[in-house]
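Counting convention: from 1, in listed order, for ligands and their atoms alike.
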Amino acid sequence: MKVTAKAHTNIALIKYWGKRDEGLILPTNNSLSVTLDGFFTTTSVEFKPDLTKDSFLLNDEEVEGEQSIRVTNFLNLVRELAQEEVYAEVKSINAVPTAAGFASSASGFAALAAASSKAIGLNLTDTELSRLTRQGSGSACRSIFGGFAEWLQGVEADGSDSYAVPIAPKEHWDIRVAAVVLSSKMKKVSSRSGMKRTVETSPFFKGWVESIPADLEGIKQGILDKDFEKVGEIAEANCLKMHATTLGANPPFTYWLDTTMAVMQTVQQLRSAGIPAYFTIDAGPNVKVLYLPEHEAKIQETLQHIPGVTEVKLSRVGQGITYLEDEELV
Ligand code: 2P0
């Protein structure tokens, strides 16, 4: 049976930054994200007895190397769970422009997990699906759910209690996110190697982990109360703390460029001018800006005019996994 699933990417308001188990992808802290409707991956999977290996087409092109190894490793987990030994044909369409600075791995692995587990005959609950997805890429386990979701770090060595749970559905609150794309690029420290180096060498890492519970408690209350200032302030401060840990690593590194800082300053100036807007940044130089619908025009206009900014992509809160009936990639 061929199954097609669609998953949206997510942006963390409380960041996942550090692993306690690299093989099982178990984090050192809970994280919390908002799923975005503007960026998604659609994946179809069909297990076929006549195949001698997995095949993976991304945006109509055959993928080899590191990326296809990650897909096969993930399909091995699915086969193990289903106790089947059959290879798969995987086709993905990625509507997550890599230039927008979103990790396509979040929507990518969420869509792959949903489509492959269903195609092989597993009938997983959302919790089981999130737990499985986590082993493809950590942040992807939050994309099983729409709206706001929290990934529980768990305490078990086997990862059985580490998965995402929904905090509030997308209908709960119409906040917006602008992805600010920068023109300049730099040699990237991958999030995987960046967080590993931070855990192993940064003296600030301990403080980061200790600060998480208060941030989580505050932001969850802020989301439930629809208190935009509270959510924005906590998210921005949490992002700055995560990035501070990288400066303490050995060798030290930062994901920021001069334009990254220019965008951050502009967001702070917007606030001084009475427009509530807050930034967050992942393992790259691009900035995401949180704002309310009534300020969309002003936010877009202001961000677009910052020198070094090439594009501003706007998004609403998105939904969780959906399965497409017509088996077509869209
Ligand atoms: C996050 N990031 O919470 C954080 C904030 C980057 C900064 O999750 O190794 O691609 O596959 O579990 O999920 C990016 O890391 O890493 C990430 P793996 P992932 O969104």
Practice prompt. Could you tell me whether Q135 approaches ligand 1 through its side chain, its backbone, both or neither, with non-hydrogen atoms closer than 4.0 Å?
Written response: neither
Practice prompt. Could you list the atoms of ligand 1 found under 4.0 angstrom from a heavy atom of A12?
Written response: 1 (C), 3 (O), 20 (O)
Discussion item. Looking only at the side chains, is there a donor atom on one of R70 and N73 sitting less than 3.5 Å from an acceptor on the other?
Written reply: no
Worksheet item: Which ligand 1 atoms does R142 reach within 4.0 Å, using its non-hydrogen atoms?
Response: 1 (C), 3 (O), 20 (O)
Discussion item. Taking a cutoff of less than 4.0 Å between a non-hydrogen atom of the residue and any ligand atom, is M195 in contact with ligand 1?
Written reply: yes
Discussion item. Just so I know, are the side chains of T246 and V189 near enough to count as touching, which here means a heavy-atom distance under 4.5 Å?
Written reply: no
Practice prompt. Check S105 against ligand 1 and report side chain, backbone, both or neither, counting heavy atoms closer than 4.0 Å.
Written response: side chain
Worksheet item: How many angstroms lie between atom CG of D215 and atom SG of C239, to the nearest 0.5 angstrom?
Response: 11.5 Å
Worksheet item: Quick one: which ligand 1 atoms are inside 4.0 Å of a heavy atom on R70?
Response: 11 (O)
Discussion item. Is K19 close enough to touch ligand 1? Criterion: a residue heavy atom under 4.0 Å from a ligand atom.
Written reply: yes
Fill in: Candidates L303, T310, V309 - the one meeting side-chain contact (heavy atoms from CB on, under 4.5 Å) with V181
T310
Response to the item:
Out of S193, S137, G194, the nearest non-hydrogen contact to atom 19 (P) of ligand 1 is supplied by S137
Worksheet, complete the sentence: A student checking ligand 1 against R192 at a 4.0 Å heavy-atom cut-off should list atoms 9 (O), 11 (O), 18 (P)
Worksheet item: In Å and rounded to the nearest 0.5 Å, what is the NZ to CZ distance from K6 to F40?
Response: 4.0 Å
Discussion item. Does any N or O of ligand 1 fall below 3.5 Å from an N or O anywhere on D282, backbone included?
Written reply: no
Fill in: Test side-chain hydrogen bond (donor to acceptor under 3.5 Å, both in side chains) applied to K15 and T245, D282, N29, N238, the passing residue
D282
Discussion item. Can you tell me which portion of S191 lies within the under-4.0 Å heavy-atom range of ligand 1? Options are side chain, backbone, both, or neither.
Written reply: side chain
Worksheet item: S139 heavy atoms, cut-off 4.0 Å: which ligand 1 atoms fall inside?
Response: 8 (O), 13 (O), 19 (P), 20 (O)
Discussion item. I'd like to know if the side chain of T35 pairs up with that of N10 as donor and acceptor (distance under 3.5 Å, no hydrogens or angles considered).
Written reply: no
Fill in: N/O donor-acceptor pair under 3.5 Å between D37 side chain and R316 backbone
yes
